[in-house]
Number of protein chains: 2
Amino acid sequence: MTQDAFSKTQITTASDQVFVDMRREIVEGSIEQGSKISEPELAKRYGVSRATLREALNRLESCYLIERKANVGCRVVALTAERLIEVYQVRSALEGLACRLAADNMAADEVQSLKQLLNQHLQTQRVKEGESYYQEAGDLDFHYRIIKASKNDHLIHLLSNGLYQLIRMYRVQMGMVGPRVSKAFDEHLAIINAIENHDGELAELLMKRHISASQANIQAKFERYQSM
Amino acid sequence: MTQDAFSKTQITTASDQVFVDMRREIVEGSIEQGSKISEPELAKRYGVSRATLREALNRLESCYLIERKANVGCRVVALTAERLIEVYQVRSALEGLACRLAADNMAADEVQSLKQLLNQHLQTQRVKEGESYYQEAGDLDFHYRIIKASKNDHLIHLLSNGLYQLIRMYRVQMGMVGPRVSKAFDEHLAIINAIENHDGELAELLMKRHISASQANIQAKFERYQSM
DNA sequence: TAACCATGAATTGTCGACAATCTTAAAGAA
DNA sequence: TTCTTTAAGATTGTCGACAATTCATGGTTA
């Protein structure tokens, strides 16, 4: 079944629940990056059998949060500078594409709704000065809307189920809060304008730059983090 | 474990074997596209338990060859025109990126080796006139080398484990053999030249065009196929 | 007739136990 | 000492059975 990263999807089975729980714990760092995973231990902790746990592990592997080796076991993905660059290169290409498609497809009222969302975020931001949660959530929300507007289901799945948890893991564990708030807002605005004008080429370019800026930001933080 | 789509990776476990076997059968159409999958039936057929089979099913889902619904079951992916377009849009973006990175990274001797491979394919092509297998394999080989030359492991995984089996499925089941042989060869050559000159921008552009041409080709075939 | 509800069959999800493999640590040889 | 070998322990892979859910069939009612 397709587990969406953003909207709350229906959780029907026990392995669904374990998957969602573990995903959160890994992204937030409760389960440490790079650490070995013991199946018997985790199965006991979540109160399920190993079969159920392994089902969840398989899905976590699909979204790149853990790595498996046959007859050896699972390990939580390790956050490295190299991987960060790799992931952002892919993200840039895919979200650039999504943005171009959105510019082609998005109807006028959808654009208006997106603009409204952005203004709303700005207001919330002003009120809750310094509070980082809203920024992160707002940013995610903005990107997710554009991704969905691409109307390309395969692309949507690839980004929201495949890449975004890993990206979030870097951001959360690096404690991304930051001075990029207002700048990011301007960039978002420029992207919306390009989409509104159905200028796919420009929208793609702007999105790629926006993501590059985000990468530079997090990368700097990562290097500072590693030198400690 | 990471199952590579091209190079023959070590098969250690029973579910590995089932995964590889089923993958081939799905891609080649022995297991019909869109058909429902019965776990008990297939488990018996492959001579393994359901647990082992389900492990394989999970991996097949990761490379987009089957789709699961909770408490309902699995279904082989259905080949549709819409999905074909979606997949090729993603492929274009990702392989364009790979090609650009390859142009940045590839050493002179690697480029030479790739050129040699291409010439070799041309010769084989001339000898085995009309035989399509070599063309298909040659094309795959060429693309795979460039993908690997990107040196971006995440991208490599995404393409070779994620997208290529699905693309192959379309190509195989549409019976792609065809008049694009010599044209594709010229396009490949132009791409290599751009890479050799470390002109990443051009290499990316040419690769995207090459893939677009390939898409147009298979799409036409698909529409002809569907109208029958 | 058509729509709706039981009931049973079949399928998927989950469990605990066994087999195969890897890891660790101790014992022995160079 | 250091490297190799071996045996015990622990971990993963696989199996068959049970529980929960869905699907198909037939019967009932409007």
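First the proteins, then the strands, lettered A, B, ... as listed; each starts at 1. Every heavy atom of this structure was used, including side-chain atoms; hydrogens, water molecules and symmetry mates were not.
Atom-to-atom, CZ of A:R54 to P of C:dT14 comes out at 15 Å; the value is rounded to the nearest Å. In this structure, the NZ atom of B:K44 is 15 Å from the P atom of D:dC15, given to the nearest Å. The nearest whole Å value for the distance from the CG atom in A:N58 to the P atom in C:dT14 is 13 Å. With rounding to whole Å, B:D16 atom CG is found 16 Å from D:dT12 atom P. Protein atom CG of B:L57 is 15 Å distant from nucleotide atom P of C:dT11, rounded to whole Å. What separates CD of A:E39 from C1' of C:dG16 is a distance of 15 Å, to the nearest Å. As rounded to whole Å, 12 Å separates atom P of D:dC15 from atom CD of B:E55. For the pair A:R68 CZ and C:dT21 P, the interatomic distance rounds to 17 Å; values are reported in whole Å.
Taking the six-membered ring for Trp and thresholds of 30 and 60 degrees, B:H188 and B:F142 have nearly parallel ring planes, at less than 30 degrees apart.
Residue contacts shown for A:A14 are limited to sugar-phosphate atoms, with no base heavy atom under 4.0 Å away.
An OP1 or OP2 oxygen of D:dT14 is reached within less than 4.0 angstrom by a side-chain nitrogen or oxygen of B:S15. Considering only side-chain N and O atoms, B:K69 lies nowhere under 4.0 angstrom from the phosphate OP1 or OP2 of D:dC23. A sub-4.0 Å separation between OP1 or OP2 of D:dT14 and a side-chain N or O of B:S49 is absent. Contact between the side-chain N/O atoms of A:T52 and the OP1/OP2 oxygens of C:dG13 is not found at any separation under 4.0 Å. A:T13 has no side-chain polar atom (N or O) that falls below the 4.0 Å cut-off from OP1 or OP2 of C:dT12.
Electrostatic pairing of A:R54 and B:E55 counts as a salt bridge here, judged by a charged N lying under 4.0 Å from a carboxylate O.
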Subject >> From CA spacing to verdict: side chain to side chain contact (heavy atoms under 4.5 Å, CB included), A:M22, A:R45 >> reply: CA-CA 11 Å; A:M22 280 194 72; A:R45 183 165 139 211; over 6 Å; no

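Looking at B:R59 and A:N58, their side chains never bring a donor and an acceptor atom within 3.5 Å of each other. Between the side chains of A:Q215 and A:Y170, no donor-acceptor pair is found at a separation under 3.5 Å.
When each of B:A51 and B:K36 is assigned the nucleotide of DNA chain C with its nearest heavy atom, B:K36 is the one assigned upstream, toward the 5' end.
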